[in-house]
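Note on naming: letters A, B, ... go to the chains in the order of the sequence lines (proteins, then strands), and numbering restarts at 1 for each one.
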Amino acid sequence: MSLFWSVIRQLAEIEAMATSKKVITREEWEKKLNDVKIQKEDMNKLVMNFLVTEGYVDAAEKFRMESGTEPDIDLATITDRMAVKKAVQSGNVEDAIEKVNDLNPEILDTNPQLFFHLQQQRLIELIRNGKVEEALEFAQEELAPRGEENQSFLEELERTVALLAFEDVKNSPVGDLLDISQRLKTASEVNAAILTSQSHEKDPKLPSLLRMLLWAQNQLDEKAVYPRITDLFTATLEDPSV
Amino acid sequence: MANIMNDSDQIQQEQDLVGSYFLELWRLKSNRTADSHEDEEPEDEEESVPTELDTLNSSGGFSIVLPDKLSVRYPSVNLHGHDVGVVQANCPAPVKRLFYYFEIYVKNAGAKGNIAIGFTTEGYNMRRQPGWEANSFGYHGDDGLLYRGQGKGETFGPTFSTGDTVGGGINYASQELFFTKNGQLVGTVEKDVKGRLYPTVAVHSQNEEVSVNFGKDPFLFDIKSYEAAQRANQQTYIERISIPQTASYGIVRSYLQHYGYEETLNVFDEASQTSVPPVTGFHDNGFNEHAMYALDHRKILRKLIMDGQIDDALRNLHELYPETVQDDTSAICFMLHCQKFIELVRVGRLEEAMDYGRARFEKFYSLKQYEDLVKDCAALLAYGEPSKSSVGYLLEESQREKVADAVNAMILSTNPDLKDRRNCLHSYLETLLRQLTACFLQKRLLNGNQGEAFHLQRVLLAKNN
């Protein structure tokens with residue numbers, strides 16, 4: 001071991017003693033890691049769950065063939081779900097609403113907030129396309145009555161209609177509504193609602209596990225100094241440091 | 001220091017590493033099948049759980065544990081503070097879990113209703129109410145106070161009496177004790193005692209009688225909702241942690257690369273680049289470049305093995321990576337020959353299988369490191385329906401996959417640019433999951449073994465994350 005590293009190691013140990021943390025060397029930690037057995041089958045399921053939930057239908061199909069892992073949902077339903085998502089993402093909200101109702105009319109019936117957000121997105125698209133009169137008519141006839149039922153809907157409606165009041169909309173306080181991120185937000189909301197209606201989780205498990213890893217490391221930091229992983233992309237084990 | 005190993009020694013050593021790793025994985029399956037039940041609760045969390053009251057150490061004349069060992073009565077007249085009838089469970093509460101809980105039912109509050117429920121440590125003075133002495137906790141029925149370690153109680157909850165059900169629990173995640181009355185949470189108190197805690201009941205006036213439920217009967221308190229709430233609570237902390245948005249994409253992608261799932265990878269790449277918005281940021285930072293090594297060959301070999309075409313796989317390896325199959329007694333050759341034998345059994349060509357086994361197995365049989373696994377393979381011939389036998393696991397897809405994964409790792413190990421040789425054994429995903437599991441185990445170890453381990457299978461089965 002080089003002098004540099006042994007100095008670093010000593011510093012780490014002194015620090016740890018001061019706070020009475022247990023020091024676990026790289027060698028000890030790697031031994032513990034080697035005792036952990038992760039089943040290949042379970043990792044395959046995790047990857048499949050990600051592909052399916054995120055809507056990578058073709059990749060899921062290929063993965064089924066290449067790995068022999070069965071998806072936990074009928075792959076055909078992914079295609080329908082992605083068509084809805086895509087419609088919202090490209091601004092065809094009317095089309096998306098129709099598709100959702102074809103899939104399962106209960107989704108919008110039982111989810112007034114989602115329905116309002118879709119209608120709001122429709123209004124945004126009308127304004128984006130400069131169809132001012134149509135937009136106003138739509139706002140008054142379709143959205144205003146819903147705003148009466150719900151205070152937060154009303155506020156959102158007012159914010160959206162305000163788009164019409166600015167010359168330079170992009171730099172106005174409500175400019176974010178015209179942003180692509182607004183479409184993505186609505187798209188992901190409808191995506192989640194469809195998954196829920198299919199009694200499937202709306203979020204893939206993998207990101208949640210990655211968060212759990214960072215959380216578990218934070219928890220362990222209070223009691224021990226050990227090799228951590230901070231770069232999720234390279235999964236590199238770092239030497240225990242001060 | 002001079003490198004005294006020559007190249008071929010080094011290659012040999014890397015191959016041994018890969019080979020022995022996969023043999024170990026195989027052996028795990030072999031042993032596990034011997035114990036059967038693979039779909040049950042995840043491994044080695046077995047701990048003894050209280051099932052009845054302890055009759056040996058209960059406080060002699062002051063209380064009577066009834067023959068069902070689940071009820072206790074105070075038969076005489078109490079005279080002072082040192083004739084309490086205390087009874088502990090027959091073992092301490094288990095700790096390798098999220099929480100522990102038990103309930104008592106007050107059949108008769110007797111003359112004074114001096115009933116208590118709580119937790120005590122080993123060697124507790126069984127003539128003193130739980131809570132009165134150090135390292136003990138008690139929720140008392142007559143005054144509704146909580147006692148912890150001294151004769152003076154703290155304001156806690158309602159009193160309890162005849163007909164009431166009262167519960168006591170330990171939450172290992174929050175390091176708190178909690179008590180319930182008639183199915184409702186009464187309150188919590190910090191668990192500032194390190195040792196193992198025994199569920200404990202006490203009676204202290206004439207005719208008092210309580211029965212204990214250690215979980216044989218359903219609890220009045222809804223422990224399912226309690227557990228869900230605790231988990232949701234933990235989950236909100238976890239969800240607050242931010243991770244790079246593309247981390248999951250990158251990890252899935254490197255997984256596909258690592259195992260040579262090339263077709264999936266191509267379709268996945270195409271989809272993530274054409275999605276709205278395109279997923280970027282993990283292709284161009286030199287991320288896991290080595291995992292592209294020999295992707296095409298690895299894909300082909302995986303497919304051959306998964307299809308049972310072992311001869312073709314061997315031929316391929318001899319042609320493309322002769323160094324991996326040079327030594328006919330290596331682990332990789334052993335696994336492939338076994339697989340060939342297994343494939344013959346699978347299609348019912350038993351005579352051929354026998355001939356193949358005779359020709360190939362002899363040299364492996366004399367090598368200690370393969371002995372048990374050769375026996376497993378040979379045993380396939382003994383059964384009319386081998387797939388239902390104790391070695392039936394050999395005929396499962398997962399066995400093919402193991403061989404395919406071993407060959408895949410073996411090819412990865414021939415990459416001259418590979419920096420850390422162990423990288424050919426584990427995908428990044430696996431490395432991260434191992435780290436996650438190890439952190440949970442280590443935290444528990446440093447916490448007196450209290451709390452849950454991490455089980456990927458439990459996460460996979462859970463419907464809500």
Mind checking whether [X] and [Y] have side chains closer than 4.5 Å, heavy atoms only?
X        : Y        : result
B:Leu446 : A:Leu220 : yes
B:Leu433 : A:Asp42  : no
A:Met43  : B:Tyr259 : yes
A:Asp35  : B:Leu441 : no
A:Phe63  : B:Val252 : no
A:Ser208 : B:Gln235 : yes
B:Ile241 : A:Met212 : no
A:Leu237 : B:Thr431 : no

Chain B contact via [X] - which portion, at a heavy-atom distance below 4.5 Å:
X        : value
A:Glu61  : neither
A:Asn218 : side chain
A:Glu28  : neither
A:Phe50  : side chain

Under a 4.5 Å cutoff for heavy-atom pairs, which residue among [options] has the most contacts with chain B?
options                             : value
A:Arg211, A:Lys45, A:Lys62          : A:Arg211
A:Met65, A:Lys85, A:Glu30           : A:Glu30
A:Thr236, A:Val47, A:Asp58, A:Ile24 : A:Val47
A:Val57, A:Leu51, A:Leu209          : A:Leu209

Pairs of heavy atoms under 4.5 Å with chain A: top-ranked of B:Leu432, B:Asn447, B:Thr437: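 Counting heavy-atom pairs under 4.5 Å, the top option is B:Leu432.
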Residue selection (most heavy-atom pairs with chain A, distance under 4.5 Å) from B:Glu262, B:Met306, B:His426, B:Lys303: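 Result: the option with the highest number of such pairs is B:Glu262.
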Test side chain to side chain contact (heavy atoms under 4.5 Å, CB included) applied to A:Asn44 and B:Glu401, step by step: CA-CA 11 Å; A:Asn44 280 345; B:Glu401 193 170 0; 2.8 Å; yes
Straight-line distance of [X] [atom1] to [Y] [atom2], nearest 0.5 Å:
X        : Y       : atom1 : atom2 : value
A:Lys37  : B:Leu25 : NZ    : CG    : 7.0 Å
A:Gln39  : B:Lys29 : CD    : NZ    : 6.5 Å
B:Leu425 : A:Asn34 : CG    : CG    : 9.0 Å
B:Glu397 : A:Thr69 : CD    : OG1   : 10.5 Å
B:Leu456 : A:Glu41 : CG    : CD    : 10.5 Å
B:Leu460 : A:Asn49 : CG    : CG    : 7.5 Å

Taking all heavy atoms of [X] and all of [Y], pick out the closest pair and write down the distance.
X        : Y        : answer
B:Pro244 : A:Leu232 : CD-CD1, 4.1 Å
B:Arg434 : A:Ile38  : CG-CG1, 3.8 Å
B:Val267 : A:Ala59  : CG1-N, 3.5 Å
A:Ala216 : B:Leu436 : CB-CD1, 4.1 Å
B:Ile243 : A:Pro207 : CD1-O, 3.7 Å

Heavy-atom contact with chain A under 4.5 Å, split by part of [X]:
X        : value
B:Ser427 : side chain
B:Asn423 : neither
B:Lys443 : both

Verdict with reasoning, A:Leu206 to B:Leu429, per side chain to side chain contact (heavy atoms under 4.5 Å, CB included): CA-CA 9 Å; A:Leu206 179 57; B:Leu429 176 61; 3.7 Å; yes
All ring-ring contact (aromatic ring centres under 6.0 Å, His included) counterparts of B:Tyr172, not counting sequence neighbours: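 Here no residue qualifies.
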Partner residues of A:Trp29 under the ring-ring contact (aromatic ring centres under 6.0 Å, His included) criterion, sequence neighbours left out: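 With sequence neighbours excluded, A:Trp29 shows a ring-ring contact (aromatic ring centres under 6.0 Å, His included) to A:Tyr226, given in chain and number order.
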With a sphere of 6.0 Å drawn around [atom1] of [X], does it hold more than 12 non-hydrogen atoms of other residues, nucleotides or ligands?
X        : atom1 : answer
B:Lys299 : NZ    : yes
A:Glu106 : CD    : no
A:Glu238 : CD    : yes

Side-chain donor/acceptor of A:Glu66 to backbone N/O of B:Glu263, under 3.5 Å: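 Side chain of A:Glu66 to backbone of B:Glu263: a pair is present.
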Sidechain-backbone polar pair: B:Lys402 side chain, A:Lys40 backbone, donor-acceptor under 3.5 Å: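 No: the side chain of B:Lys402 does not pair with the backbone of A:Lys40.
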B:Phe440 and A:Trp215 aromatic ring geometry - parallel, tilted or perpendicular at 30°/60° bounds: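 Tilted: the ring planes of A:Trp215 and B:Phe440 meet at 30° to 60°.
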Test log, rule side chain to side chain contact (heavy atoms under 4.5 Å, CB included), inputs A:Lys32 and B:Leu445: CA-CA 12 Å; A:Lys32 285 170 194 284; B:Leu445 197 66; 4.0 Å; yes
Centroid-centroid under 6.0 Å between B:Tyr428 and A:Phe233 rings: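 No; A:Phe233 has its ring centre 6.0 Å or more from that of B:Tyr428.
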Criterion side chain to side chain donor-acceptor pair (under 3.5 Å) on B:Gln435 and A:Gln217, from CA distance to verdict: CA-CA 9 Å; B:Gln435 178 84 355; A:Gln217 290 190 146; 2.9 Å; yes
